[in-house]
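For reference, the structure discussed in these notes is given below.
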Protein chains: 2
Amino acid sequence: MAARQAAQGGRQDELVIWMRPEQASVGRPAERSRAEITAAAVELADREGLDAVSMRRVAAALGTGAASLYRYVATRDDLLDLMTDSTAAEYELAAPTGDWHADLLAVAAQARRIMLRHPWLPALVVTRPTLGPQGVDLLEHVLDALADHPASAARKLEAFAMLNAVTAQFVQHEVSTTDAASLRQAVYLQHVAAAGHHPRIAALMTSPGVPDEAAPPSADDHFRAVAGRVLTGVLS
Amino acid sequence: MAARQAAQGGRQDELVIWMRPEQASVGRPAERSRAEITAAAVELADREGLDAVSMRRVAAALGTGAASLYRYVATRDDLLDLMTDSTAAEYELAAPTGDWHADLLAVAAQARRIMLRHPWLPALVVTRPTLGPQGVDLLEHVLDALADHPASAARKLEAFAMLNAVTAQFVQHEVSTTDAASLRQAVYLQHVAAAGHHPRIAALMTSPGVPDEAAPPSADDHFRAVAGRVLTGVLS
DNA sequence: TACCTTTCGCGTACAGTGTTCGCGAACGAC
DNA sequence: GTCGTTCGCGAACACTGTACGCGAAAGGTA
């Protein structure tokens with residue numbers, strides 16, 4: 001009973017958060033849960049953006065102190081991972097139909113909707129792709145839909161990753177077309193076009209907005225078209 | 001001469017940084033330049049990662065104080081935009097050959113190399129896609145290579161964006177396969193596979209690493225294959 | 001009931017961050 | 001030399017993520 005670890009009980013920091021027990025079975029019971037904290041963080045991010053998700057503000061939203069959160073989460077990045085995975089629970093996964101292309105397109109369409117609900121998601125998905133319990137369920141579903149597809153396992157994983165990347169990029173572009181930074185960017189492009197060099201870009205600016213047809217497609221249709229093309233490209 | 005703006009001389013913050021004059025023509029001449037500051041920031045990011053790029057540390061690398069940087073840059077985000085655009089100067093753009101597919105693939109291959117040189121680039125490209133003077137040159141080159149392609153202008157822009165997104169994601173995955181977070185993730189996936197549910201994922205883990213052939217392709221060949229597939233997908 | 005053990009809540013503190021203010025110094029033009 | 005203007009930058013402010021350590025609270029056991 002002499003050589004003991006510190007009070008924290010030998011916390012295994014080198015394990016992903018979903019492998020660390022949520023709380024101990026002995027001692028004083030916890031007043032909160034990871035799910036509760038995650039929900040508060042998600043709501044805060046939905047309302048005020050990812051930068052607003054600071055430990056202090058999340059704690060305040062729960063009516064507690066910042067240091068308390070560290071009983072549930074080792075670091076802020078852990079909390080971000082929890083947020084990402086929690087959104088994967090919003091998928092409604094029906095059984096595969098046998099048409100893998102349609103099934104994956106349905107998944108992608110849901111991904112887009114979820115990302116539109118949580119505009120902070122694309123940045124997280126792209127910069128720290130993490131698979132938690134819910135994300136793993138999603139991946140299993142995708143692999144299930146691709147069960148009869150002749151591609152290699154690596155190729156299927158690649159398709160999953162690329163579809164995610166493309167969806168995230170698409171949504172980010174879709175969401176940011178009206179914010180201040182994008183307007184500044186547009187002004188600059190006009191400036192470049194007017195300067196005379198870059199004739200191709202100049203031609204771009206004078207052409208109509210989305211001139212595929214007389215009637216521009218809805219954003220949903222447009223996304224389905226893009227995702228479908230990427231899909232057929234990656235999965236021969 | 002009564003109603004005048006503040007001392008800063010009516011700085012137009014609502015303009016993108018490349019439209020703001022670098023320095024005034026009257027008064028004391030500046031001791032540094034945006035290019036110098038950007039180079040220091042890039043070098044710092046290459047060496048210690050994007051989080052190390054703080055105003056204080058960049059200033060210290062230049063032997064000056066943090067507040068001085070604000071004479072050249074309105075905000076840290078401006079500096080990040082400058083860094084992004086500065087990497088676009090590393091492309092070596094040859095004249096289009098007439099084979100648009102090969103030309104775009106060459107651009108993508110260079111993009112990958114540049115991102116490998118600057119591991120912080122993918123995150124920036126994806127989360128704050130910005131076109132500065134160098135980025136505009138690159139876009140012009142891409143549009144030039146696609147001049148004879150029958151797709152609409154919007155479709156070509158989309159191809160450019162998707163190629164960038166896919167390249168960034170690919171490089172990020174390529175770079176992060178050995179870092180601590182990825183190892184944790186792998187351990188968790190093993191855990192999930194061992195738990196019994198998720199049989200498809202379990203099958204994934206037991207299959208060989210990249211089993212397309214007996215000899216796994218080089219990373220460069222692999223990337224060319226992926227980018228090529230996405231390209232043919234997006235540009236019919 | 002009285003301990004004893006273990007965990008929980010969280011005030012406080014520390015090192016760092018982006019950014020603003022305002023002043024002295026330095027320069028070009030006249 | 002003097003004026004107008006800009007530059008460099010120390011100091012300060014409002015934050016941030018996180019570590020420490022203490023008091024309180026809840027079992028389990030005697």
Side-chain angles (χ1 to χ4, degrees), chain A residues 1-2 4-11 13 17 20-34 36-37 40-41 44-45 48-83 128, chain B residues 1-2 4-11 13 17 20-34 36-37 40-41 44-45 48-83 128:
Chain A
M1 58 194 62
R4 276 278 140 163
Q5 303 256 132
Q8 291 293 50
R11 211 213 250 132
D13 279 346
I17 187 171
R20 288 196 299 263
E22 164 132 25
Q23 57 203 56
S25 48
V26 302
R28 175 179 170 181
E31 295 181 2
R32 261 161 284 270
S33 67
R34 279 181 191 161
E36 205 174 337
I37 293 171
L44 192 56
E48 305 191 39
L50 201 56
D51 288 344
V53 179
S54 72
M55 301 303 273
R56 271 173 255 258
R57 294 210 50 189
V58 171
L62 290 164
T64 182
S68 305
L69 300 185
Y70 287 91
R71 292 282 174 189
Y72 302 86
V73 143
T75 188
R76 191 184 102 111
D77 284 354
D78 264 5
L79 180 53
L80 297 184
D81 286 343
L82 287 176
M83 292 170 67
R128 42 176 35 244
Chain B
M1 60 193 64
R4 275 279 140 164
Q5 304 255 133
Q8 290 293 49
R11 215 215 247 129
D13 279 346
I17 187 169
R20 287 197 298 265
E22 164 133 24
Q23 58 203 57
S25 48
V26 302
R28 174 178 170 181
E31 295 180 2
R32 260 160 284 271
S33 68
R34 279 183 192 160
E36 205 175 336
I37 293 171
L44 193 56
E48 304 190 40
L50 201 57
D51 288 344
V53 179
S54 73
M55 301 303 272
R56 271 173 254 260
R57 294 209 50 189
V58 171
L62 290 163
T64 182
S68 305
L69 301 185
Y70 286 92
R71 293 282 174 190
Y72 302 86
V73 143
T75 187
R76 191 185 101 111
D77 285 355
D78 264 4
L79 181 53
L80 297 184
D81 286 342
L82 287 176
M83 292 171 67
R128 46 177 34 245

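All chains are named by letter (A, B, ...) in the order of the sequence lines, taking the proteins before the strands, and each is independently numbered beginning at 1. Fair warning: this is a prediction, and the values are worked out from it, not measured in the lab.
Contact annotation: Ser68(A) reaches the phosphate of dC10(C) (side-chain N/O to OP1 or OP2, under 4.0 Å). Distances shown here put a side-chain N or O of Thr75(B) below 4.0 Å from the OP1 or OP2 atom of dT19(C). For the OP1/OP2 pair of dG8(D) and a distance below 4.0 Å, the side-chain nitrogens and oxygens of Thr64(B) include no atom meeting the criterion. For the OP1/OP2 pair of dG17(D) and a distance below 4.0 Å, the side-chain nitrogens and oxygens of Arg76(A) include at least one atom meeting the criterion. Between dC8(C) and Tyr72(A), no contact under 4.0 Å exists linking OP1 or OP2 to a side-chain N or O. Between Tyr70(B) and the phosphate of dC9(D), there is no side-chain N or O to OP1/OP2 separation shorter than 4.0 Å.
When heavy atoms are screened at a 4.0 angstrom cut-off, Ala67(B) is found touching base atoms of the nucleic acid.
A straight line from CZ of Arg71(A) to P of dC22(D) spans 14 Å, rounded to a whole angstrom. If you measure from atom CZ of Arg32(B) to atom P of dT6(D), you get 19 Å, rounded to the nearest angstrom.
For dG18(C), its base sits under 3.5 Å from the side chain of Arg56(B) at one donor and acceptor pair at least. The base of dC27(C) has none of its N or O atoms less than 3.5 Å from a complementary donor or acceptor on the side chain of Arg28(B).
Between the Tyr72(A) side chain and the Arg32(A) main chain, a donor and an acceptor come within less than 3.5 Å of each other.
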**Prompt:** Under the side chain to side chain contact (heavy atoms under 4.5 Å, CB included) criterion, do Arg34(B) and Ile17(B) qualify, and how do the steps go?
**Reply:** CA-CA 10 Å; Arg34(B) 279 183 192 160; Ile17(B) 187 169; 3.8 Å; yes
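Take the nearest nucleotide of DNA chain C for Gly27(B) and for Asp77(B): the residue whose nucleotide is more 5' is Asp77(B). Nearer the 5' end of DNA chain C, as judged by each residue's closest nucleotide, is the contact made by Ala66(A), out of Asp51(B) and Ala66(A).
Of the candidates dG11(C), dC8(C), dT20(C), the closest approach to any side-chain atom of Gln23(A) belongs to dC8(C).
Atoms CG and CG, from Leu44(B) and Leu50(B) in turn, are 9.5 Å apart once rounded to the nearest 0.5 Å.
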